[in-house]
Amino acid sequence: MVVTRFAPSPTGYLHIGGLRTALFNWLWAKKNNGKFRLRIEDTDLSRNKQEAVDAILKAFNWVGMKWDDEVVFQSERFDVYKKYIDELLEKGFAYKCYLTKEELEKIREAKMKGEEPPIDIRKYRDFKGELDKPYVIRFKAPLEGKICFEDGVKGEQCVDAKEIEDFVIARSDGTPTYNFVVVIDDHEMGMTDIIRGDDHLRNTFKQLLVYKAFGWDVPKFYHVPMIHNEKGAKMSKRDGAVDVMEYKREGYLPEALLNFLVRLGWSHGDQEIFSIEEMINLFDPKDINKAPSRFNKEKLDWLNSHYIKNSPNERLEKLLRDDFGVDIINHDRKEILIDELKERVKTLKEMAEEIEKILTPPQEYDEKAVKKFLKDEVLSNLREFLVFLNDKDPKLPPEWHDVMDEFLKLKGIKPKFLMPPLRIAMVGDTKGIDLAALLSVLGKEEVKKRISSLLAKFEVF
RNA sequence: GUCCCCAUCGUCUAGUGGUCUAGGAUACCGCCCUUUCACGGCGGCGACACGGGUUCGAAUCCCGUUGGGGACGCCA
């Protein structure tokens with residue numbers, strides 16, 4: 001059985017790049033009728049935050065990716081790790097290192113500058129005694145040879161053993177570190193396939209050594225290139241929306257986000273639109289690209305508008321109410337309103353704004369529009385239309401259309417002397433949904449009110 | 001600095017030696033539809049980073065250059 005996982009560290013929110021990695025893992029598990037598991041990597045107690053965990057789980061809920069079994073928290077498994085660390089210590093695969101933080105800092109600085117470190121990081125590798133000083137536990141990495149593995153995306157990956165240092169597996173406070181616990185958990189959780197960002201490629205070699213030390217089977221690795229920002233560099237908070245939930249707040253549908261993300265670094269011929277079912281059926285990590293890709297908001301917008309168009313009105317109404325505080329559930333003409341709007345907006349947020357704009361009487365009138373369309377004779381048209389409306393009772397858009405037509409014929413005037421001004425009276429400018437639909441949504445009384453308001457402001461007696 | 005990864009339209013990508021005068025999508029531009037703005041329809045602009053090989057033949061294979069990215073923690 002295929003078992004995959006997503007293993008975020010709780011740092012505040014679910015990152016958009018993390019979501020794509022999670023999606024790939026989830027799809028692959030689903031496709032193979034396997035399991036997709038969640039593990040919170042919170043070994044660094046100083047950074048552990050409960051709200052962060054909640055935020056991540058919430059994001060998963062929003063996009064509808066369900067994980068199997070219970071969520072594993074590494075912070076609750078320290079005794080397990082301790083056992084394995086002791087085992088490595090006993091078998092001579094690991095050792096206590098008494099180097100101080102200051103000494104380590106010097107080594108690190110030298111490495112970054114490309115200089116020879118002043119102190120050998122393996123100083124205590126063969127030290128037999130015990131010192132009454134704080135220590136970390138390091139893994140004894142091989143001194144020579146090559147370490148290799150077959151990456152499912154990038155092919156065979158090798159590194160010279162001397163490139164891999166004796167890495168820390170337990171801190172001086174006894175807590176275990178990432179490269180160690182990942183292996184323990186992936187093994188105990190039965191992981192068969194690991195799809196993760198290629199920023200982990202280097203770590204894989206260290207992890208391989210741990211697998212080997214325990215004699216465990218090594219899962220299949222797939223290292224997927226990162227998502228870059230629109231400038232081509234690693235995405236960071238500076239780039240705006242990196243928090244998945246930000247997309248919810250901005251009015252994106254989860255399936256649009258998922259569709260967008262699945263096509264970032266993965267493709268299936270020319271296909272652009274994928275339902276969740278199609279993604280599951282068609283996804284295969286062997287089709288993941290080797291090159292990093294850039295985040296591209298226009299494409300996301302396009303997908304989102306596609307999914308909005310294809311959403312049932314009822315769903316849209318609920319989202320509008322729950323997420324944007326625009327409640328039109330009881331509005332008589334809500335179907336017309338939603339039908340009109342869903343065809344033209346890119347986001348739910350935009351839709352909510354449009355609804356507000358329509359349902360709220362205009363506070364002001366667009367200057368340019370007024371100048372262009374509200375000539376004196378036009379105002380008298382509006383006044384006459386107001387009267388004309390008295391013994392009419394249009395309800396649906398076609399009826400409103402007929403009423404306007406009739407009026408135009410009766411007066412012998414062109415549409416532009418009635419329609420744009422009418423629209424200005426309704427919403428304050430000349431842009432928006434079909435006029436007949438707009439009038440229908442507002443209803444005759446409101447239409448009259450708004451015409452009167454406009455006349456009151458511009459009519460000169 | 002060291003090691004590693006990558007390289008097709010602005011962007012996401014198809015493409016695995018001949019069917020490529022390189023396909024799709026998005027963005028952009030134009031036309032049509034339309035009282036308006038959008039949507040939609042149609043059309044257009046637009047790329048194999050460069051230089052060497054290999055081959056009858058290269059976007060596809062090899063080498064180098066350039067460019068971009070990543071890793072180098074008692075973070076994950």
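Throughout, protein chains are lettered first and strands after them, A, B, ... in sequence-line order, and every chain is numbered starting at 1. What you are looking at is a predicted structure, and each value in this text was computed from that prediction instead of being measured.
Taking 3.5 Å as the limit, the base of B:G40 and the side chain of A:Glu343 contain no donor-acceptor pair of atoms between them. You won't find any donor-acceptor pair under 3.5 Å spanning the side chain of A:Thr177 and the base of B:C74, going by distance alone. The base of B:G70 is not paired with the side chain of A:Asp199 by any donor and acceptor separated by under 3.5 Å.
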Inset, instruction - For nucleotides 3-9 of chain B, just jot down a letter per nucleotide in 5' to 3' order: B, S or -, based on protein non-hydrogen atoms under 4.0 Å. - result: BSSSS--
Got a list of protein N/O to nucleotides 44-46 of chain B N/O distances below 3.5 Å?
none

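Contacts of A:Leu264 with the nucleic acid, taken as non-hydrogen atoms under 4.0 Å apart, involve only primed sugar atoms and P, OP1 or OP2. Using a 4.0 Å heavy-atom criterion, one finds that A:Val168 contacts the sugar-phosphate atoms exclusively. Across all strands shown, A:Met404 has no heavy atoms under 4.0 Å from either base or sugar-phosphate atoms.
Phosphate proximity of B:G73 to A:Lys101: absent, as no side-chain N or O sits under 4.0 Å from OP1 or OP2.
Interface residues of residues 353-370 of chain A facing RNA chain B, ordered by number: none; criterion, heavy-atom separation under 4.0 Å.
A salt bridge links A:Arg450 with A:Glu446: at least one charged nitrogen is closer than 4.0 Å to a carboxylate oxygen. Residues A:Glu130 and A:Lys96 are paired through a salt bridge, judged by an N-O separation under 4.0 Å between the basic side chain and the carboxylate. Electrostatic pairing of A:Asp160 and A:Lys162 counts as a salt bridge here, judged by a charged N lying under 4.0 Å from a carboxylate O.
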